[in-house]
There are 2 protein chains.
Amino acid sequence: MEKTYLTVEEAAQALKLLGDKNRLSIMRYVSVDECCVCELVELLDISQPAMSQHLRKLKDAKLVNEKRKGHWVFYSINKEHPGYTMVQGVLASLPNGKEDLEELSNNNMRIICD
Amino acid sequence: MEKTYLTVEEAAQALKLLGDKNRLSIMRYVSVDECCVCELVELLDISQPAMSQHLRKLKDAKLVNEKRKGHWVFYSINKEHPGYTMVQGVLASLPNGKEDLEELSNNNMRIICD
DNA sequence: ACCTCATATAAGTAATTGCTTATATAATAA
DNA sequence: TTATTATATAAGCAATTACTTATATGAGGT
């Protein structure tokens, strides 16, 4: 596996997006499992439009994938992004989002959206 | 060596600073060797006040150290920063700044400032 | 067709950003 | 002291940011 580099511009563009605590948390969660918008709203405690706007930025930068399932739209980390390795490195220095997602499950809050 | 985590806020603050191509390049250079302001101005081709302002932000966040030597002020990466490991991970996905610094040396441009 | 739910978009706004130009400070040399 | 050099700071400004509220879209159920 050959090591490939990002340009400074590419890296800076991705890092700028990660340099917001809400978006960084979104990445933390969608790197564990795909999440629907309402789950992320629940986890981060921000408004639905604010969440939608953050997700659009991440999607425009191709850092996340979008997938519709009926009413819901699920987002997941894009492992094909050239900066994926860098992003994973960043996320590795943060506590894993898995616990928070499991807590959502335990409270039967995954995909409630009511 | 126990693994320690950053908070999302701590990481986001550091990443926001890295999310600018000029500051990211500064970090790229000062991680290789300590650099004086005029060298960084030469390397990045931005104005001296703009450089000074970027350095102040990095210094305020303690991502870099400052050291005076006569006329010159040298900056170097702060290995004691809690986010140092994360920063190194980010820089590892970029081409090393060493070549550019060596080119400066070859052109006898290190600490000219004239 | 209509209603509801999940999500997206639009428009407006206050705060922040990264620059510019001009000036101040700090260190050394004459 | 005065001059020179390296760097920092101040003030101003256009662009960008992250939110808000209001409205639109898209999918499913009745």
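So you know, we letter chains A, B, ... as the sequences are listed, proteins then strands, and number each from 1.
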Nearest heavy atom decides the nucleotide; on that basis, is B:Glu66 or A:Ile46 closer to the 5' end of DNA chain D?
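Its nearest nucleotide being more 5', the pick is B:Glu66.
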Using whole Å, what does the distance between atom [atom2] of nucleotide [N] and atom [atom1] of [X] come to?
{"X": "B:Lys16", "N": "D:dT16", "atom1": "NZ", "atom2": "P", "result": "16 Å"}
{"X": "B:Leu17", "N": "C:dT17", "atom1": "CG", "atom2": "P", "result": "9 Å"}
{"X": "A:Leu58", "N": "C:dA8", "atom1": "CG", "atom2": "P", "result": "12 Å"}
{"X": "B:Asp45", "N": "C:dT20", "atom1": "CG", "atom2": "P", "result": "10 Å"}
{"X": "B:Lys21", "N": "D:dT16", "atom1": "NZ", "atom2": "P", "result": "14 Å"}
{"X": "B:Glu42", "N": "D:dA6", "atom1": "CD", "atom2": "P", "result": "12 Å"}
{"X": "A:Trp72", "N": "D:dG29", "atom1": "CH2", "atom2": "C1'", "result": "12 Å"}
{"X": "B:Asp20", "N": "C:dC19", "atom1": "CG", "atom2": "C1'", "result": "11 Å"}

When the nearest nucleotide of DNA chain C is assigned to A:Pro49 and to A:His71 on a heavy-atom basis, which residue is associated with the more 5' position?
A:His71
Note: for B:Ala50 and A:Gln48 on DNA chain C, the residue whose nearest nucleotide lies more 5' is A:Gln48
Looking at [N], I'd like to know if its phosphate oxygens (OP1 or OP2) sit under 4.0 Å from a side-chain N or O belonging to [X].
{"X": "A:Arg56", "N": "C:dT9", "value": "yes"}
{"X": "A:Lys57", "N": "D:dA18", "value": "yes"}
{"X": "A:Ser47", "N": "D:dT20", "value": "yes"}
{"X": "B:Arg68", "N": "D:dA6", "value": "no"}
{"X": "B:Tyr75", "N": "D:dA8", "value": "yes"}
{"X": "B:His54", "N": "C:dT17", "value": "no"}

Would you say B:Glu10 and B:Met86 make side-chain contact, with heavy atoms under 4.5 Å?
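They are not in side-chain contact.
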For the pair [X] (side chain) and [Y] (backbone), establish whether a donor and an acceptor sit closer than 3.5 Å, ignoring hydrogens and angles.
{"X": "A:Gln53", "Y": "A:Ala50", "result": "no"}
{"X": "B:Ser25", "Y": "B:Arg28", "result": "no"}
{"X": "A:Arg23", "Y": "A:Leu17", "result": "yes"}
{"X": "B:His54", "Y": "B:Ile26", "result": "no"}

Taking the side chain of B:Cys36 as heavy atoms from C-beta outward, which of C:dA8, D:dT7, C:dG18 is closest to it?
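For B:Cys36, the side-chain atoms sit closest to D:dT7.
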Would the base of D:dT20 count as contacting A:Gln53 through its side chain, where contact means a donor and an acceptor less than 3.5 Å apart?
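Pair found.
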What nucleic acid atoms does A:Lys59 come within less than 4.0 Å of, heavy atoms only: base, sugar-phosphate, or nothing?
nothing
